[in-house]
Amino acid sequence: MEHQLKVFNSLTRKKEDFIPINPPFAGMYVCGPTVYGDPHLGHARPAITFDIVYRYLLYLGYKVRYVRNITDVGHLENDADQGEDKIAQKARLEKLEPMEVAQFYTNRYHKYMDMLNVLNPSIEPHASGHILEQIEMVQKILDKGMAYESEGSVYFDVEKYNKSNNYGILSGRNVEEMIANTRELDGQSDKHNSFDFAIWKKASPSHIMRWNSPWSEGFPGWHLECSVMSAKYLGETFDIHGGGMDLLFPHHESEIAQSVAANGKQPVKYWLHNNMITINGQKMGKSLGNFITLEEFINGSHESLEQAYSPMTIRFFILQAHYRGTVDFSNSALQASGKAYERLMKAFARLEGIAVGESSNFDVAELEKDCHAAMDDDFNTPMVIARLFDAVKFINSVAEKQISMSIEQKTALQKIRKNFIDEILGIKQESQNETAGAGLDEELMKLIIELRLKMRQEKNFAMSDFIRDELKNTGIELKDTKEGTDWSKTN
RNA sequence: GGUCUCUUGGCCGAGUGGCUAGGCGCCGGUCUGCAAAACCGCUUACUCCGGUUCGAAUCCGGAAGAGACCUCCA
């Protein structure tokens, strides 16, 4: 392969050559959504980030198995109401089966991922469908002496594990310091240490979702599902594990510990983490009043939004920043991205109709090389987009008949469009007249535009402007161009 | 407080020890009956203070500011 993909490995904190364990196969596991609420911006970022990783690995010719889980088990509210499962609580409030709640939000998640042009994973396992495997893993860890049972729950013994291994290998945390900094606030805990984590949790009476196990009726600990399902579908050691930076500790750290304790080997070769999003410089949170669902984003209904933003605008915006940096959602930034997105798509659409002629001084091969180099360098999508705009400028200059383009240049640009815009970045055209493409609307608009053209030719500008203004009031915008008059719906 | 990350032009946001990313906005222009749109051109920044270097926004040290994670749980 002519490419050498480099990825930033959180485990080593360095960019490393990506060399899969069993080429041409590549295995990737990404932490998916907890399906107890509507999908929001916080879901979009990791989904799009690892969609890019998936797409690029496919583009490079790897046979990729992409596993992204659905977490539908065991979520306690982080508010004061202890001991109730998030899904169970929702179910009780809405008088539904817990699985109905999980299914509803899973469907919602899929719908919005589809709108964002996020490809489906190869396997989408549910935590609830792998309870047996999780019980087996708990037993395995118990057998190795790295966990203890207490009051029907089973806890991972971090201190013991750390004697022979390194708990903190991923997050840089130091167990000795954690012990030193820990103060027992109350004696109620059935854990040996505050940083021990549950791998099996006994269900409280109000907890609806529960399964039988050798220890109690309960549910598996949070970290366990990812360890179990990744091992089941990708093997005990696999290539890439992705997720948001917020999951680095304790989730991923604990995943490593469990897997090493159970299987005696590091589960993951490359850990990739996307950075977080902020909204107007603040972390998104329900308590901060800036919690925006994808539905609200796309229809513009949230009060902090000045307008609706299309799914492709959101995707383009996210791709304009590197995945390891934070990205701040603000109206002005999104509006800028929306315009940039349209300019990019318009130019490449224009390319199709361009008449070829003499070659101009524009190196398409170098542009392509730069785009590849940017992707190879830890998925630098902002750089790819920047270079694509150089092509935009070239295409527009040719379209404006300032310079010309050869057939070779045109073909090469078409290839870049297909490879980079369509396949790798996954940016697609959102047609504005989708609902009006056929039928009565189109016919009527044609007639109105023709009438207005006649008036303009007769210099009856008062009437032609009246038509334009009135249409604008009803949400249809007319634009006079050299080729004639275009129309589009404004929202 | 601990661990880590970040600080780039009006805004967003890449990047490299010397070769002015890119987008949006502004301004100028082309086009147009006008407007809008579209297109072209323009806009030389790197928190502060030291140091290394022929040369640093880029490396090192310090300061200031911002953010994330650090009880339970997912």
Side-chain angles (χ1 to χ4, degrees), chain A residues 10 13 31 33-36 71-80 82-87 127 168 171-174 177-178 180-186 189 191 194-195 197-198 201 219 221-223 225-226 244-251 253 273 275-276 278 281-283 316-317 320-322 324-344 346-347 350 370 374 377 380-390 392-393 395-397 399-402 456-457 459-462 464-465 468-469 472 477-483 485-486 488:
Chain A
S10 306
R13 281 168 220 179
C31 292
T34 302
V35 283
Y36 71 96
T71 296
D72 57 356
V73 164
H75 316 278
L76 293 174
E77 280 291 350
N78 43 13
D79 312 321
Q82 290 230 334
E84 196 169 15
D85 191 289
K86 280 172 179 167
I87 291 172
S171 60
R173 277 178 174 67
N174 181 315
E177 281 175 14
M178 286 166 72
N181 291 337
T182 297
R183 226 174 293 153
E184 289 297 324
L185 293 175
D186 52 49
S189 177
K191 296 186 206 176
S194 62
F195 42 79
F197 53 89
K201 189 91 177 165
F219 53 95
W222 167 43
H223 315 305
E225 62 178 89
C226 292
M245 246 173 211
D246 53 330
L247 298 176
L248 206 125
F249 186 88
H251 184 49
E253 189 71 62
H273 290 95
N275 214 318
M276 309 313 291
T278 54
Q282 271 192 313
K283 183 185 174 183
F316 190 81
F317 178 65
Q320 269 190 306
H322 190 262
R324 280 191 291 112
T326 56
V327 66
D328 184 49
F329 279 73
S330 65
N331 280 291
S332 58
L334 280 161
Q335 283 157 10
S337 281
K339 284 182 185 164
Y341 158 73
E342 275 176 27
R343 198 157 97 88
L344 178 75
K346 221 166 274 180
R350 251 177 144 180
D370 287 352
D377 185 16
N380 193 332
T381 53
M383 180 64 100
V384 173
I385 290 172
R387 294 297 278 128
L388 289 175
F389 273 99
D390 292 336
V392 165
K393 197 170 279 186
I395 292 167
N396 283 333
S397 297
E400 299 285 319
K401 310 247 191 300
Q402 290 167 354
R456 291 176 66 205
Q457 282 164 348
K459 308 253 183 225
N460 186 354
F461 296 123
S464 71
D465 287 353
R468 185 173 64 197
D469 293 344
K472 189 160 192 177
E477 195 169 25
L478 296 185
K479 289 166 193 166
D480 298 324
T481 69
K482 275 178 222 157
E483 289 78 28
T485 302
D486 288 336
S488 61

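Here the structure is a predicted model, which is why all the values come from computation and not from measurement. Proteins get letters first, then strands, A, B, ... in listed order; numbering begins at 1 in each. Atoms considered below: every heavy atom in the structure, side chains included; atoms not considered: hydrogens, waters and symmetry mates.
The CZ atom of A:Phe219 sits 9 Å away from the C1' atom of B:C73 (whole-angstrom rounding). When the P atom of B:A66 is taken as reference, atom CE of A:Met276 falls 20 Å away, rounded to whole Å. Atom-to-atom, CG of A:Asp328 to C1' of B:G67 comes out at 11 Å; the value is rounded to the nearest Å. In this entry the distance linking CG of A:Asn174 with C1' of B:C69 reads 16 Å, nearest Å. As a whole-Å value, the separation of A:Phe316 CZ from B:G13 C1' is 12 Å. At whole-Å resolution of the value, CG in A:Asn275 and P in B:C6 are 9 Å apart. For the pair A:His322 NE2 and B:U5 P, the interatomic distance rounds to 16 Å; values are reported in whole Å. One atom, CZ of A:Phe195, and another, P of B:C72, lie 10 Å apart when rounded to the nearest Å.
For A:Lys459 and B:C34, the shortest distance from a side-chain N or O to OP1 or OP2 is not below 4.0 Å. Using a 4.0 Å cut-off, some side-chain N or O of A:Lys201 falls inside it from OP1 or OP2 of B:C73. For A:Asn396 and B:C39, the shortest distance from a side-chain N or O to OP1 or OP2 is below 4.0 Å. Phosphate contact (OP1/OP2 of B:C24, side-chain N/O of A:Arg343, threshold under 4.0 Å): present. Note on A:Lys283: a side-chain N or O is less than 4.0 Å away from OP1 or OP2 of B:C69.
Comparing A:Ser330 and A:Ala198 against RNA chain B, the residue whose closest nucleotide sits nearer the 5' end is A:Ser330. Where A:Ala333 and A:Gln402 each meet RNA chain B at their nearest nucleotide, the meeting point lying more 5' is that of A:Ala333.
Aromatic stacking of A:Phe389 on B:G23: not satisfied for centres closer than 5.5 Å together with planes under 30 degrees.
Side-chain atoms of A:Lys191 lie closest to B:C72 of the nucleotides B:A14, B:C72, B:G22. The side chain of A:Ala340 sits closest to B:G23 out of B:G13, B:C73, B:G23. In this structure, of B:C40, B:A14, B:G33, it is B:C40 that holds the atom nearest to the side chain of A:Lys393. Ranking B:C11, B:A14, B:C40 by closeness to the A:Ser332 side chain, first place goes to B:C11. For A:Asn380, the listed nucleotide lying nearest its side chain is B:G15; candidates were B:C70, B:G15, B:G33. With distances taken from any side-chain atom of A:Gln320 to the nucleotides B:G2, B:C40, B:G23, the minimum falls on B:G23. Nearest to the side chain of A:Glu400, among B:A21, B:C39, B:G33, sits B:C39. Comparing atom distances between the A:Lys339 side chain and each of B:A38, B:C70, B:G25 picks out B:G25 as nearest. The nucleotide whose nearest atom lies closest to any side-chain atom of A:Ser464 is, among B:C73, B:G33, B:C39, B:G33. Of the candidates B:C12, B:C40, B:C69, the closest approach to any side-chain atom of A:Arg173 belongs to B:C69.
With a cut-off of 3.5 Å on both pairing distances, the Watson-Crick or G-U wobble partner of B:A68 is B:U3. With a cut-off of 3.5 Å on both Watson-Crick or G-U wobble distances, the partner of B:G28 is given as B:C40. With both pairing distances under 3.5 Å, B:G61 is matched to B:C49 as a Watson-Crick or G-U wobble pair. Across all strands shown, B:C11 forms a Watson-Crick or G-U wobble pair, both distances under 3.5 Å, with B:G23.
In this model, a side-chain donor or acceptor of A:Asp465 finds a partner on the base of B:G33 within 3.5 Å. Judged by distance alone with a 3.5 Å cut-off, a donor-acceptor contact links the side chain of A:Arg468 to the base of B:A35.
Classified by interplanar angle (parallel below 30°, tilted 30° to 60°, perpendicular above 60°), the ring pair A:Phe316/A:Phe389 is perpendicular.
Each of A:Met245, A:Glu253, A:His251 was evaluated against A:Phe249; a single residue qualifies, A:Glu253, per the side-chain contact (heavy atoms from CB on, under 4.5 Å) test.
Taking CG from A:Leu247 and OG from A:Ser171, the interatomic distance works out to 12.5 Å, rounded to the nearest 0.5 Å. Atoms CZ and OG, on A:Arg456 and A:Ser464 in that order, are 6.5 Å from each other to the nearest 0.5 Å. In this structure, CG on A:Asp328 lies 3.5 Å from OG1 on A:Thr278, to the nearest 0.5 angstrom.
Taking the salt bridge (charged side-chain N to carboxylate O under 4.0 Å, His left out) definition, one finds that A:Asp246 meets it with nothing, sequence neighbours left out.
At distances below 3.5 Å, not a single donor-acceptor pair connects side-chain atoms of A:Asp377 with backbone N or O atoms of A:Asn380.
In this structure, A:Ser337 reaches neither bases nor backbone, as no heavy-atom distance under 4.0 Å exists between it and the strands shown. At a threshold of 4.0 angstrom between heavy atoms, the contacts of A:Arg456 include nucleobase atoms, whether or not backbone atoms are also involved.
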